[in-house]
Amino acid sequence: MRITFLIPPPIDGKIPERVSGCAYLLYYVPNIFLLSAAAVLEKEGYKIRYVESTVKKWDRKYFLNFLKEDLSDIYCFYAVNLSQKTDIQALRDIRDIRRDIPVIFFGPAPSDRPAEFVVDTNTYTVRGEPEHTMLELARALETKSSIEGIQSISFKNNNEIVHNTNREPIEDLDVLPFPARHLLEERDIYYNPKLGERPFTAVCTSRGCSYRCIYCVPSSLSFSRELEYKHHVARKPPVRKRSPEHIIEEFKLLKSQGYKAVNVQDDQFVWGEERTIKICEGIQDLGIVWGCSARSDHLNEAIVSAMASAHCKFIDLGVESFNQEILDYIKKDIDVRKNEEAIKLVKRYGISAKINIMFGASPMETSATIQKNMEEVKRLKVDQVMYNIANPFPGTEFYQIAKENKLFVYGDYRPVNVAKEANITYSHLSKTDLEKAVRRANFKFFLTPRFMLKNVRRLGSLDSLKAMLKKLF
Ligand code: SF4
């Protein structure tokens, strides 16, 4: 049976980034979450193909011709909020050509709003973690057996949408095969400028995060997992971690396959000193450069030293704001001083401190707090900062707050590029104020001589830097 994972050409010209799931694409990132589900199916004997038409630069006409000639038995779409319209349009295109082919949607958007994807009796959504559910569904479709008992799927029965009961998150991540990276047809296109090496890939060592930040949109896989679990038991799913041995084995495999750079695609990589140091010691001789996200309060000298020795090149710290009241409001559960200490510690070990700052996540945000963030970034000589406008994503506590307090400009959530556009407005800080502020902040940071010089060196040319900045502004 042939199963094809599809990424269609975007209908509005903007390519959604599907791994983080909340922004448009700046550079191509391998979707290891999709490749993990693909690996499980492949291991069971299914013939898998991954057609990433955005990488292939297909236009709509080419995509339609592909659909006309293609002989797949099932199509799958990993859908995020920003890709929903494009993916639904692709479903319509498929239906114009093949009315009966099963189409499966998975990812955070179908996990949150399955009914919006299940448009006919041959369309299904897989909610939450996909691996086991996709396999059960594929087997049922292949053997034409009942799908009634398959947990975490939604489907249409006559005119009624059926949402089967929820599935518990996968307990032991070590049982999953490594992502099917060989399905990527052009592996050298994937890149992370913070690492600057190719071939580049991603590894996921844990799933989920135990903290409670009101705005949090974790990785698209964790978000799917959280949405499914929260609908079920009204709290976050437990964090699941792979064993250090299993992670080290994957890094060794990547080394043997020629990979030189890895992004650890966890919501938060540092879960305990012993585990982190064990992983670092196991991969340090491989010479692979890598980076990750970590909470400032999970770092200490021993951990950062081990990470530096293992060739960690950047740590993404979710600082969000340098104002304690704002951090408390957004339930970051961190002291503003801890963030400062972490930035200094990371830099001391030669690792780039990359921080995220979000404008407008709280009514305490003012032009003064925004200004203070920019001053702190300068004072601490942060290596890289990403300023965004807080966007209340469906499924988050921030979304409820925005609805109750009528913060949405258009009455509800809309997919927007958070590096440029605001979905919310306050009486003292309007949509336009937020958009101007984020533009000014990004402009100020990215156009400093220090940043330009460093990045021309890292990216290889002024043209590469210009291309990157063009996507931002
Ligand atoms: S610490 Fe990071 S990943 Fe965890 S809930 Fe907060 S924002 Fe999300």
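The chain is numbered in sequence order, starting from 1. Both counts, for ligands and for their atoms, begin at 1 and track the order of listing.
Contact check on K194 versus D383 returns no salt bridge, with no Lys/Arg side-chain nitrogen under 4.0 Å from an Asp/Glu carboxylate oxygen. A salt bridge does not link E397 with R212: none of the charged nitrogens is closer than 4.0 Å to a carboxylate oxygen.
Applying the salt bridge (charged side-chain N to carboxylate O under 4.0 Å, His left out) test to residues at least two apart or on different chains, the pairs with a partner in residues 277-301 are E245-K278, R295-D297, E301-R348. Counting only residues at least two apart or in different chains, salt bridge (charged side-chain N to carboxylate O under 4.0 Å, His left out) contacts with residues 14-28 comprise R18-D87.
The backbone N or O of P363 sits less than 3.5 Å from a side-chain atom of H428, completing a donor-acceptor pair.
Residue-level contacts of ligand 1 at the 4.0 Å heavy-atom threshold are C209, Y211, C213, Y215, C216, K236, D267, R295, K332.
For K381, there are no salt bridge (Lys or Arg N to Asp or Glu O under 4.0 Å) partners two or more places apart in sequence or in a different chain.
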